[in-house]
Amino acid sequence: MQFRKEGNGLLMNYQGERLLIEPWGKNAMRVRATRYQDFTGNNWALEEEVSESGKQAQIVISETGDTAQITNGRLKITVNQSGVLRFFKDDKQFLQEYHRNYDPTVSKESICLKFVGRQYQPIVGGHYALTVKFESNDGEQFFGMGQYQQSYLDLKGCTLELAQRNSQASIPFAVSSLGYGFLWNHPGVGTATFGKNYTEWKADTTREMDYWITVDDQPANIVKNYTEVVGRAPMLPEGLLGLWQCKLRYRTQEEVLSVAREYQRLGIKLDVIIIDFFHWTRQGDWHFDPVYWPDPKAMCEELHGMGTKVVVSVWPNVDRKSENFQELFDRGLLIRTEQGSMQTYDFQGDCISIDVTNPEAQKFLWETCKKNYADLGIDMFWLDNCEPDFGVYDYRNYRYSIGTGLEVSNLYPKMMTKTFFEGQKAMGKEVCNLVRCGWAGSQKYGALLWSGDVNSTFESLRDQVAAGLNMGLAGIPWWNTDIGGFMTEDVDDPAFHELLVRWFEYGIYTPILRMHGDRGPHNIEPLSDLEWGGGYLYTGQSNELWSYGEEVFAVLKKHLERRWEMKPYLEALMKEASETGAPLLRTMFYEFPEDSVCWKLEDQYMFGDKYLVAPVLELGMRERQVYLPEGEWRDVNDAANVIQGGKWITAAAPLEYIPVFERM
């Protein structure tokens, strides 16, 4: 056993392992360990400059040299003669590595099991599969971790795949009910298990262990400490807080303009209109098909004259028949496959995705999109499929310029967002881009995440409520969903109309309000018989506010007016998110951490600090139970109704509105 000070940190060398603990922000430490000679030097999510006060630590090594401790603010970590880590907040232990080996100072139970907290399993010819275990605490709850398609807000008892998929965004930061936050600072594939018997983090392959931990009194302060070291969202650009209009898919320039003109005729301000996929000739061309989009610059100018910003979809996939494929392939700017055919994606083409971990690929992609989109007046980008979506999610079979798929693939969506952020900033633009996936720190690159291609069901709506709240705790304040869900088989089904209304009512109280969806049936004839170009692919039914009949239109229009009334409040929330990392969608315990009931609530939330929102999550529901914390609450749907909190109530929920209460 050997301890010594290393810079501002504590270094231990023990049985072939190097362990380094460093102060890293307010009440926070970074913990790394490796069986190699030295650390990689990769900071991954921890890219932000730490203040001088956050770099200071008190280090004490015992006279016998067999124990040591390091303290930064309210967080203390101790190491014993077996290398076991214990974690203390204000000198009270809240966490300890899982150890069942020959050391009675750690555990007197089952020491013959020979389990240790950091287990390195060598990979023949490679690095290590790493397992890190901590003792479980009875009654502890975990939140955050990004977006998973499940209804569980509290993640205790859950095993989560640390990997990116369509509608799954792995952002490995957890907030504990015991007053700490934990970041697994590794962008590779693995799992996180918040078990009853132990908490376990696994990396399928890595050169080193790397995690970051902070303590504080309130969840809000934990998120603030976290976003200080991984980055915060910039201020949202002007003119994005109203209605965003989209469908799968507007096929021509004239279709886009006709929709925008109708909104203008109806006197409805349209903030954003989105041009979805296959407006291009082939995947990877990254330009409009001139047959159906003859003058996109004029289109953008007309839309800008209406006060509407324009978004265009960009996919990372490159078809072998694309005009850019051969150059990208020859220059090594595409993701590589380890075995079998060179293909990563097979939807509507034989495609390989561009490798945006490579700076040369970033430069090629941005310069192409700047010339063909941004220079023509396109304001923002929809970075779809940016997990990237794979034909088969076999991460072992893909290799990037900076490492194997198992090592680094979770970083891909963040690098995609960074590519466009830096390009747009160089043009002098404020940035907000709609992206389908992200990783820790994506928010600082202007990433507006949405929940992916989710089903059009009430069960799915409930999942999005949990996903949005956990996304906020994972540091992503800009988040939204496809209103009504993405996949609908029968656009005329009255049950779907009810779902759409309930989803829209919920969407009013989310950061961004966006209409989108693939509305069936697919019985609209394509514009072209060719099997390529902007005219051949199918399109869905209409998806504008007026597309579902007068009754639905009246409800949606009324709620949109409510959204506009809240604009000053929304702007204030966006400013707070930029300054402190505070999410707009907040769990009840985020605002009321002293109320034990609020830690159990999973189907209602706070929108900022002012509005309590109780979405309707079942077909036919016309009232629901709502918990109001202590204080006075005004019913937004009945201004004369002021209720004293600290109790459950039965709230009316006619189709025209969901229960919403304003904190007095």
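Treat the numbers as computed from the prediction; the structure is a model and nothing was measured.
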Query raised in the report: Partners of Arg462 by salt bridge (Lys or Arg N to Asp or Glu O under 4.0 Å), sequence neighbours excluded?
Result: none

Query raised in the report: Hey, are Asp463 and Ser151 close enough side-chain-wise for a donor-acceptor pair under 3.5 Å?
Result: no

Query raised in the report: Rounded to the nearest 0.5 Å, how far does CZ of Arg249 lie from OH of Tyr538?
Result: 9.0 Å

Requested in this report: Show your working on salt bridge (charged side-chain N to carboxylate O under 4.0 Å, His left out) between Lys297 and Asp295 and close with a plain yes or no.
Outcome: CA-CA 5 Å; Lys297 188 173 188 295; Asp295 195 348; over 6 Å; no

Query raised in the report: Between Phe329 and Val318, is any pair of side-chain heavy atoms under 4.5 Å apart?
Result: no

Query raised in the report: Would you call Pro477 and Gln443 a side-chain contact if the rule is heavy atoms closer than 4.5 Å?
Result: yes

**Report entry** Minimum side-chain heavy-atom gap Met415-Tyr445 below 4.5 Å
**Finding:** no

Query raised in the report: Any chance the rings of Trp546 and Tyr263 have centres within less than 6.0 Å?
Result: yes

Report task. Using the side-chain contact (heavy atoms from CB on, under 4.5 Å) rule, pick out the option among Gln253, Arg251, His287 that qualifies with Trp293. Result -> Gln253

Query - Parallel, tilted or perpendicular: ring planes of Phe607 versus Tyr569, cut at 30 and 60 degrees - result: perpendicular

Report task. Would you check if Phe421 and Asn433 make a side-chain contact, meaning some heavy-atom pair closer than 4.5 Å? Result -> no

Report summary line: salt bridge (Lys or Arg N to Asp or Glu O under 4.0 Å) pairs touching residues 164-173, sequence neighbours excluded, are Glu161-Arg165

Query raised in the report: Which of parallel (below 30°), tilted (30 to 60°) and perpendicular (above 60°) describes Trp315 and Phe347?
Result: tilted

Query raised in the report: In Å, rounded to the nearest 0.5 Å, how long is the span from CD1 of Ile275 to NZ of Lys247?
Result: 13.0 Å

**Report entry** Identified ring pair (Phe, Tyr, Trp, His ring centres under 6.0 Å) counterpart of Phe420 within the set Phe381, Tyr373, Trp286
**Finding:** Phe381

**Report entry** Polar side chain donor-acceptor pair, Ser322 to Asp285, under 3.5 angstrom
**Finding:** yes

Query raised in the report: Do Thr488 and Ser456 have side-chain atoms, one donor and one acceptor, less than 3.5 Å apart?
Result: yes

Report task. Check each of Phe504, Phe486, Tyr250 against His516 using the ring pair (Phe, Tyr, Trp, His ring centres under 6.0 Å) test, and report the only one that passes. Result -> Phe486

Query raised in the report: So, are Asp453 and Arg436 salt-bridged, with charged N and O less than 4.0 Å apart?
Result: yes

Query raised in the report: What is the distance from atom CD1 of Ile354 to atom CG of Leu328, rounded to the nearest 0.5 Å?
Result: 5.0 Å

Query raised in the report: With a 3.5 Å cut-off and no angle check, do the side chains of Gln464 and Ser451 form a donor-acceptor pair?
Result: yes

Query raised in the report: What residues, two or more places apart in sequence or in another chain, satisfy salt bridge (Lys or Arg N to Asp or Glu O under 4.0 Å) together with Glu302?
Result: Arg261

Report task. Indicate whether the side chain of Asp319 and that of Gln348 have a donor and an acceptor atom separated by less than 3.5 Å. Result -> no

Requested in this report: For the pair Trp382 and Trp450, name the ring-plane relationship: parallel under 30°, tilted 30 to 60°, perpendicular over 60°.
Outcome: perpendicular

Query raised in the report: Hey, is Arg502 close enough to Glu505 for a salt bridge, meaning N to O under 4.0 Å?
Result: yes

